[in-house]
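Per chain, numbering begins at 1; letters A, B, ... match sequence-line order.
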There are 2 protein chains.
Amino acid sequence: MSQNVYQPHNHSHCVANALSQAQSLCHDKGARLTKVRQRVLELIWQSHKPVGAYELLPALANDGFNSAPPTVYRALDFLLDLGLVHRLHSLNAYVGCNHPGANHPVCFFICEHCGQAQELPNDKLNALTRQVEQVLGVQVHHQLTELTGLCPSCQPASGETTANDHA
Amino acid sequence: MSQNVYQPHNHSHCVANALSQAQSLCHDKGARLTKVRQRVLELIWQSHKPVGAYELLPALANDGFNSAPPTVYRALDFLLDLGLVHRLHSLNAYVGCNHPGANHPVCFFICEHCGQAQELPNDKLNALTRQVEQVLGVQVHHQLTELTGLCPSCQPASGETTANDHA
DNA sequence: CGTAATATTGCAACATTATAACCTAAGGTT
DNA sequence: AACCTTAGGTTATAATGTTGCAATATTACG
Ligand SMILES: [Zn+2]
Ligand SMILES: [Zn+2]
Ligand SMILES: [Zn+2]
Ligand SMILES: [Zn+2]
């Protein structure tokens, strides 16, 4: 469940799993996973690198869909509402959620070299939120945590091997 | 030191303190706090509500400065580099830092009703970062944490008094 | 089925936020 | 003064996101 996108893995499983979860979630909530919406979700899941809204337009046009900004933004809003994707504010980009359904607090790590983003369930995050609520006497409704740095594969290696060569 | 912007306070102290710290910091680093830069800093510190770059332009024009986007963005870049202001990504807006100088990790709480933002030193934040580094084997270089919700004054009151009436 | 209500999409224009490029002005150094 | 470096003025443009309305598809209901 707690996968690590920086390690070699069968990414087609990620995609298949995401689509499957999206379909059942939409069915449960009576939401319609239309062709445009499903295609946008697929495009976002092509990698773990967050993708900008305008990057999706050419691909949609190529698939015969309309390719004006509102098309993709509406699809993104739909997917965001259902928690199927997240928006990374530090990048203005969108990435698939690997455990959709819950309106869960989100913590992302983003590699500043390869660009891949990993979502983490993090118990420290809830501790942080509770602390802020206590110290300030506030009610926290939403939260946004994005950490940036170098993933294992992109750190200057102690040895000389390139970490992904044998993948 | 650990002030709370949601409580009544003498805000002119905030402004005076910010300007004083900015001047000494610039002196120490050999940076020039020019008139435009200082004015932008003052404008940002007019309240604890983060301000958008384009909101600053009319005020600058009113003061006889040039008021084209590059002017304000250059000033903001300068202030950001020195750590005198922070950028809130969830708002695309800028707010003064109450303890500039260090390249410190930042945690903000933003009231979604009154818009005021409070910067918090938070020990849980470092714990979170260390945990992420350990779990993923990554190196964290930057971090971004923004919590949104209701501040004490903006929460639906149990009583009926408006919290700021007597301020 | 036929029709009305609702949800989705196509389309055009526009709004907001940020940057690039190029030149001039100001401040510091010798 | 001559020179160099930094800062600011100006114009244009890029990148990201929204609004409004008409057209179409889907669902709900008699
Ligand atoms: Zn994958
Ligand atoms: Zn990487
Ligand atoms: Zn204040
Ligand atoms: Zn408030």
- Message: With the stacking rule set at 5.5 Å and 30°, tell me whether Tyr54(B) counts as stacking on dT16(C).
- Response: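 Stack criterion not met.
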Given atom [atom1] of [X] and atom [atom2] of [N], what is their separation to the nearest angstrom?
{"X": "Leu57(A)", "N": "dT9(C)", "atom1": "CG", "atom2": "P", "value": "15 Å"}
{"X": "Asn66(B)", "N": "dT24(C)", "atom1": "CG", "atom2": "C1'", "value": "13 Å"}
{"X": "Leu88(B)", "N": "dT17(C)", "atom1": "CG", "atom2": "C1'", "value": "15 Å"}
{"X": "Lys35(A)", "N": "dT8(C)", "atom1": "NZ", "atom2": "C1'", "value": "14 Å"}
{"X": "His89(B)", "N": "dT16(D)", "atom1": "NE2", "atom2": "P", "value": "14 Å"}
{"X": "Glu55(A)", "N": "dA14(D)", "atom1": "CD", "atom2": "P", "value": "17 Å"}
{"X": "Asp77(A)", "N": "dG17(D)", "atom1": "CG", "atom2": "C1'", "value": "10 Å"}
{"X": "Gln38(B)", "N": "dG8(D)", "atom1": "CD", "atom2": "P", "value": "12 Å"}

Backbone of [Y] reached by a side-chain donor or acceptor of [X] within 3.5 Å:
{"X": "Glu119(B)", "Y": "His99(B)", "answer": "no"}
{"X": "Gln118(A)", "Y": "Val5(A)", "answer": "yes"}
{"X": "Tyr6(A)", "Y": "Gln116(A)", "answer": "yes"}

- Item | Distance, nearest 0.5 Å, that separates CG of Leu43(A) from CD of Gln38(A) |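 The distance works out to 10.5 Å.
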- Pro70(B) vs Arg37(A), nearer the 5' end of DNA chain C by closest nucleotide: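 By nearest-heavy-atom nucleotide position, the 5'-most residue is Arg37(A).
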Name the nucleic acid region contacted by [X], choosing base, sugar-phosphate or nothing; use a 4.0 angstrom heavy-atom cut-off, strictly under.
{"X": "Tyr94(A)", "result": "sugar-phosphate"}
{"X": "Ala68(B)", "result": "base"}
{"X": "Arg74(B)", "result": "base"}

- Name the residue closer to the 5' end of DNA chain D, choosing between Arg32(A) and Tyr73(A) according to the nucleotide with the nearest heavy atom.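 Final value for this comparison: Tyr73(A).
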- Item | Residue whose nearest DNA chain D nucleotide is more 5′ - Asn92(A) or Thr71(B) |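 Comparing both residues, the 5'-ward one is Thr71(B).
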- Item | Nearest non-hydrogen partners of Leu136(A) and Phe109(B), listed with the distance |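 So the minimum-distance heavy-atom pair works out to CD1-CB, 3.9 Å.
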